[in-house]
Amino acid sequence: SGRHGAASLSSRARGAAHDVHGMRGDIMYPFRKILVAVDFEPASAGALDLASGLALEYEAELVVAHAVELLIPSYPMALLPEVDDLERAARDGLDHIVERVHAVWPRVSGALLWGSAAEQVIRYADDEQMDLVIVGTHRRKGPSRWLLGSVAEQVTRAAHVPVLTVHTDDPASAVHP
């Protein structure tokens, strides 16, 4: 299944990069370092495909990042998952994605970030001098948007480098570990 997943990722990645070029002609930025933020939800799949395709196209370094945000609970600590369990699950999911992309493009690495997803993605992009950030969007509306906010929107507004937001309508393309 891993090899099939890599072949599928490769064709989707090339198609996604081609779609970007087809819309605007040649992209003017020489992307050398690309950061893609993933949250293991379907919205991440399109972002990962596009990031992989652009990394192949530009022979760029690709960093796949996932942020673990610990919320301060208003209920007993006994009900919270252990931080070690959260870290292990996040690391396993990130490692799985990096392994899949590595089968297609070897210049890929993972970054496990701690804290607010938007803040950490922006900080990582700045600290590591990324040329481009790619994030998936859930396109939430109404109360869920008000309560959860939009990581993609926050990153787009505050990042110091270009940001591409990607939405996928295909739940089967989720980037689950």
Side-chain angles (χ1 to χ4, degrees), residues 13 16-17 19-21 23-74 83 86-87 89-91 93-95 97-98 101 105 107-170 173-177:
D19 289 347
V20 168
H21 287 289
M23 287 187 288
R24 294 249 168 133
D26 288 332
I27 294 177
M28 294 173 19
Y29 293 103
F31 302 122
R32 290 183 181 87
K33 296 176 81 174
I34 299 171
L35 175 65
V36 59
V38 298
D39 62 3
F40 310 130
E41 296 294 329
S44 294
L48 182 63
D49 289 347
L50 180 58
S52 300
L54 290 174
L56 286 165
E57 180 79 18
Y58 286 99
E59 299 181 357
E61 173 187 340
L62 178 61
V63 178
V64 181
H66 174 74
V68 177
E69 187 168 356
L70 297 177
L71 302 175
I72 305 300
S74 59
V83 172
L86 288 173
E87 181 176 7
R91 174 61 60 199
L94 190 58
D95 288 348
I97 291 169
V98 168
V101 174
W105 181 242
R107 292 184 58 202
V108 61
S109 61
L112 187 59
L113 312 174
W114 290 90
S116 160
E119 290 174 13
Q120 293 306 312
V121 166
I122 294 163
R123 178 175 290 130
Y124 189 91
D126 287 344
D127 291 350
E128 299 300 319
Q129 300 176 344
M130 304 308 285
D131 297 313
L132 176 67
V133 176
I134 301 176
V135 292
T137 177
H138 298 279
R139 290 191 180 174
R140 288 187 181 105
K141 297 191 184 316
S144 67
R145 170 81 182 268
W146 302 328
L147 291 172
L148 300 173
S150 168
V151 171
E153 182 178 346
Q154 292 172 33
V155 171
T156 300
R157 289 178 185 230
H160 301 109
V161 298
V163 177
L164 285 173
T165 59
V166 181
H167 176 71
T168 182
D169 292 320
D170 180 8
S173 64
V175 201
H176 291 285

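Atom set for the values below is all heavy atoms of this structure, side chains included, hydrogens, waters and symmetry mates excluded. The structure displayed is predicted, hence computed values, not measured ones.
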**Request:** Go through the steps to decide whether H160 and D126 satisfy the test side-chain contact (heavy atoms from CB on, under 4.5 Å), and finish with yes or no.
**Result:** CA-CA 7 Å; H160 301 109; D126 287 344; 3.0 Å; yes
**Asked** Please walk me through it: do F31 and E57 pass side-chain contact (heavy atoms from CB on, under 4.5 Å)?
**Response** CA-CA 9 Å; F31 302 122; E57 180 79 18; over 6 Å; no
**Verdict with supporting geometry, V166 and D49, side-chain contact (heavy atoms from CB on, under 4.5 Å)** = CA-CA 10 Å; V166 181; D49 289 347; over 6 Å; no
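Scanning both residues, V63 and E61, for their nearest heavy atoms gives CG2-OE2, 3.7 Å. For T165 against A152, the heavy-atom pair with the smallest separation is CG2-CB, 4.1 Å. I134 approaches A51 most closely through the heavy-atom pair CD1-CA, 3.5 Å. K33 and A60 make their closest contact through N-CB, 4.2 Å (heavy atoms, listed as atom of the first residue, atom of the second, distance). For the pair R32 and D131, the tightest heavy-atom approach, listed with the atom from each and the gap, is N-OD2, 2.8 Å. Considering all non-hydrogen atoms of both residues, A65 and L35 come closest at CB-CD1, 3.6 Å.
Atom CG of L113 is separated from atom CD of E119 by 12.0 Å, given to the nearest 0.5 angstrom. Note that CG of L164 and CD1 of I34 are 9.0 Å apart. Values are rounded to the nearest 0.5 Å. The line from CZ of R157 to CD1 of I122 is 11.5 Å long, rounded to the nearest 0.5 Å.
Taking the side chain as every heavy atom from C-beta outward, E87 and L112 approach each other to under 4.5 Å. At least one side-chain heavy atom of I97 sits under 4.5 Å from a side-chain heavy atom of F40.
Between the side chain of H66 and the main chain of V38, a donor-acceptor pair closer than 3.5 Å is present. Judged by distance alone, with hydrogens and angles left aside, the side-chain atoms of S44 form no donor-acceptor pair with the main-chain N or O of G136 at under 3.5 Å.
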